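Below is one structure, written out as structure tokens, with a few remarks after it.
Throughout, numbering of the chain's residues begins at 1 and tracks the sequence. Quick note: numbers below take in every heavy atom, side chains included, and nothing from hydrogens, waters or symmetry partners. Values in this document were obtained by computation on a predicted structure and should not be read as measured data.
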Amino acid sequence: MPGKQEHTALKNEDGGEVNTNTSPPSHGRNARVRSTALYRWGLCAAPLLVFLTFWGGQSARADSPYASSCHAEQLTAAHVEVELRLANHAHNTAEGRGVMTVRVPRSWEYAEGLLLQKSSVAYRDALRCLVRDEQEPGRPPQQYLREYEWRSSDPTVSAEPDWVEVEYPTIFWVDQGGMFRVGPWEVDVHPGQWKLSLVPPTALVAAHWDSVVVDLGGLEASSVVPEPSTAGNGIMRWGDPDRPQEPGSLLAVRVAPPWQRAWAAVSGRSAFLVSNKIGQATWWVVVSVIVVVAALRARRRPAHTEATGLEVCSSTVLLQWGVISAVISLTFLPPQYALLSQRWMILIGFLVGWALTATARPNRSVLLAASLVAAAGGLVAGWPSLFGLPQKLSSPGTGPVHGLAPLAVMTAAFLWLWLTGLVLWIWRLACEGGLIWPPTSPWRLRRVGSVLAVVTLLLLGWEWWTQDRRWGRASWLSDRAVQEYGWQHRSFLSEHLVSYTTEIPVWCVAGTWVLTGIAIAALLRARDLAFPVPRAYPTRLDLLLIAVFFAVVVAYRQGSFAGSQAAAVLWLVLDIAGLYALLAVGKRWGVLAHRLEGSGDTPRLSEAITEAGRSDLIVRARRYRELTDELRDMGPGKSEGAASRHAAEKERHAVERELSGLHRWRSPTGTANAARPWLPGQFTVMDVALSWGPHARWWKNARRAALLAAAFGLPGTLVILWFSYQGEQTQWMHTAQDSFGAPEMIRQFLVWELTVAGAGLVLGALWRLLPGRRGATRALSLAVVYTLLVVLGILGNLLTDQPLGNWAIAICQMLLVLTLTSLAMDADTFRAERRLWPSRFGLLLSIYRLRGFSAQIAYVLAQLAVLIAIAKFFIGPDIRTMKF
């Protein structure tokens, strides 16, 4: 799953230019301005450079030596139990959880070290002997680095009079090809076969391996060596297994994974990588092509007789962004980019980042700063030998590393450049597109540069913290005393820093759909304002733009199936088709789509309502409510005596005649003697008023609904975000060691808020086209389309045996937000009466009638009850032990 920048000439709403420069500055004044801008930029960048220099210059702490031998001869009496359980069902990738339990005699040389603090040298050295191979003299400690080994908790140590027991838990995921070590297991992953080998640590080769349990979690074993003692239901057990023919391992299990897990495990390999990347790039390119075509049509076919200046400006900026987004997606998403060397990835990223900033039309000081930043960072990537770096920028781990400062400066420059380009494009789209009117002055360096420098520093600090935690996890049992530990630590950080730099463009591209949504919304606003008289409906081109907006911003998009996004473009087609299907239903069942009844060719209700007639419609709707209240009070049995009943009946007939008159429409010809048509029998004047919405222009209805949905959706967004990170026990563990962990949390919050706000915008824009008499019905129809698309994704997840995710909460939140938004829109339709009621609740009570409004309240409460029930299910204690 870009903004506006700086002009010296700004456009007003009529398209004319407003020159902000009264006279050209002198050459000397230009020099002083540039000098001041560079000085301010230097002040902003100085703290960052100081931090990077300090970070790059610091060295790893070396602990004092402890032991060079594990005294394996003292561990022949040790007892070992091993358990490995694979989780296959309802997982994106197969998950393995292992536990190795070792009981060593207290007479062992280093047994007491296990009882010390976990950060002590003695503890690490003792545990290293039990779970790692013994270090050979003079050999780098690479065999101790277990980057693919995760732990949900620290090892548990318990002591007895004669024994010390250690329980060592591990977690791993089969999400990559090749071989890696996890605990005592060696995992070798190939497309059609996985091999799990139990390789004892050197010090425990002669120990008693009392029990080995392997639970394949529904996977099928193609071969097992040696034969297990017992087997059943996919669980195999060995008791003190014999040595197999293969040297170095106690047993080996070959697994034939299903196609879903086989694809997910090797999705990074050539053939799968090509299909995955092509699928991602196709989605973005198709979106870009559609918006470019729509922008060209908007320029050739303006909304009214002649294109306004705002319409031309907004269509131009949408066209430019569509081309730029296509170029960016074709640069970083196709497989060719992933197959380049990291150095060329970074050089291309600097070039595209600078172009992104330059095309946003920044102030000259910002453009100069961006050019200098790109040149400085590109110099490190282009000529690494000038800074003592190898040609690949990072050491392969077999030699010294000459500091991290140049790489840190390169990464900071890269990050600042991309952030600047995206922020400036967002500003440009909002200003030139007309969402911010009148447009403000262009952003200057002191405004954008300093803020983004702080953001860059925070992101880089998070990257350093996470990678240091990853190093600690991977190397926590390494020997700090060896000479190579320090440079290997720096080598690890440098490699991941370079890798992080190459991932920045892809992470940024994944969020550029927000800019596409902003550009589409800006053009929709400009086209609606082009009409001097408000239109009832969006035009055909506007409907296309709304459908694309719905597909890009609102609708559900499946991330991947079996590790592949090859079918990503299919979701774009389904999303657009789903909205058009809803419009087809509304064209048949919508209130305003019906024609007035009467003789001759009567117009549709949408054509019969004008700007002047709308006020009369609201007045008649209010009178309709008053008369229905009077009519209800005139029920039978409320008058005594014949005369009183006769008077009441006459009064009742008078009210009924007035009610019938309210449903008569003004003559379309405007002549007094022409026959007046009337509303269709199944609709009342209240239905027409509520279907029209609170504003005369459909864009104002859209804007109002978007603001309401964003406010109503905030609690639900927090709930979904909480469930996203609380649902899995290992989610926080991954987040704390992910370079984009904390930034991704912030982005996910913004994504959900923009999704519900975008849903409100679509609801308001199509308010007069959706089926239903009341707002809640219109909200339900849009939520049904959203839900059907989610259901298609669920079917795909079931087919590929993936987790279903938080779809139930997402659907409930969308329905609840749209329902509350629709109720508020109905209340806003009669906002002129707001001063007559003590609260908005009282106004709604009058609009819906007591009985009808009770049904609305019951409907909302039912949605809340479902949401609470789902929340209790996911929060409850039973969910932690359930297997999906």
Side-chain angles (χ1 to χ4, degrees), residues 55 58-63 84 93 95-100 102 114 116-133 135 140-157 166-176 178-187 201 394-395 397 401 404 461-482 484-500 503 725 728-745:
W55 177 28
Q58 67 179 354
S59 59
R61 180 179 60 89
D63 293 323
L84 176 64
T93 58
E95 177 185 286
R97 291 178 178 263
V99 177
M100 178 180 177
V102 184
L114 295 172
L116 301 179
Q117 283 187 336
K118 293 179 173 58
S119 59
S120 65
V121 177
Y123 174 85
R124 283 197 301 264
D125 288 343
L127 192 60
R128 182 169 65 242
C129 288
L130 300 181
V131 298
R132 298 287 192 270
D133 291 333
Q135 181 181 350
Q142 287 194 9
Q143 65 269 31
Y144 302 143
L145 297 181
R146 299 287 181 88
E147 192 169 354
Y148 301 104
E149 178 183 289
W150 295 74
R151 296 176 304 277
S152 59
S153 60
D154 291 329
T156 303
V157 180
V166 180
E167 187 177 279
Y168 185 74
T170 56
I171 306 175
F172 67 92
W173 286 266
V174 187
D175 56 358
Q176 64 165 9
M179 187 173 64
F180 54 90
R181 296 286 299 272
V182 178
W185 295 95
E186 184 177 270
V187 184
S394 60
S395 170
V401 177
L404 292 171
W462 173 262
E463 154 66 8
W464 171 82
W465 186 74
T466 56
Q467 296 309 322
D468 201 59
R469 285 177 62 87
R470 290 184 67 178
W471 168 259
R473 172 178 57 82
S475 67
W476 75 296
L477 292 181
S478 296
D479 189 355
R480 270 72 166 170
V482 298
E484 296 87 352
Y485 179 83
W487 64 256
Q488 196 172 30
H489 183 192
R490 294 189 297 270
S491 176
F492 180 93
L493 293 178
S494 68
E495 289 177 5
H496 286 80
L497 191 61
V498 173
S499 178
Y500 171 72
E503 294 170 0
Y725 287 89
E728 297 184 11
Q729 298 178 359
T730 58
Q731 187 62 47
W732 286 112
M733 180 177 64
H734 279 287
T735 302
Q737 299 185 40
D738 186 359
S739 299
F740 299 99
E744 186 63 26
M745 289 182 63

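Taking a 6.0 Å sphere around CE of Met179, one finds it holds 12 or fewer heavy atoms contributed by other residues, nucleotides or ligands.
Of all the heavy atoms in Leu130 and Leu114, the pair that sits closest is CD1-CD1, 4.0 Å. Minimum interatomic distance between Thr735 and Ala742 (heavy atoms only, all atoms of both residues): CG2-N, 4.4 Å. Pairing each heavy atom of Tyr485 with each of Ser475, the nearest pair is OH-OG, 3.9 Å. Nearest approach of Pro201 to Cys129, heavy atoms of both residues: CB-O, 4.1 Å. Gly741 and Tyr725 make their closest contact through O-OH, 4.4 Å (heavy atoms, listed as atom of the first residue, atom of the second, distance). Smallest separation of non-hydrogen atoms from Tyr123 and Gln117: CB-O, 3.2 Å.
A distance of 7.5 Å separates CZ of Arg128 from OG of Ser478, quoted to the nearest 0.5 Å. Separating the CG atom in Asp738 from the CD atom in Gln731 is a distance of 9.0 Å, to the nearest 0.5 Å. Going from atom CZ of Arg124 over to atom CG of Leu116 covers 11.5 Å, rounded to the nearest 0.5 Å. If you take CZ on Arg470 and CG on Asp468, they are separated by 12.0 Å, rounding to the nearest 0.5 Å. To the nearest 0.5 Å, atom CG of residue Leu497 and atom CH2 of residue Trp464 are 12.5 Å apart. Distance CZ/Arg146 to CZ/Arg132: 4.0 Å, rounded to 0.5 Å.
Contact annotation: the side chain of Ser739 approaches that of Gln467 to within less than 4.5 Å [non-hydrogen atoms, C-beta and beyond].
Evaluation of the ring pair (Phe, Tyr, Trp, His ring centres under 6.0 Å) rule for Tyr148 yields Phe180 as partners, not counting sequence neighbours. Looking at residues two or more places apart in sequence or on another chain, you find a side-chain contact (heavy atoms from CB on, under 4.5 Å) between Arg151 and Glu149, Tyr168, Arg473, Trp476.
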Is there a side chain to side chain contact (heavy atoms under 4.5 Å, CB included) between Thr93 and Val174? Walk through the geometry before answering. CA-CA 6 Å; Thr93 58; Val174 187; 5.6 Å; no
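A ring-centre distance under 6.0 Å is not found for His496 and Tyr500.
Under the 3.5 Å distance criterion, the side-chain polar atoms of Arg469 are left unmatched by any main-chain donor or acceptor of Gln737.
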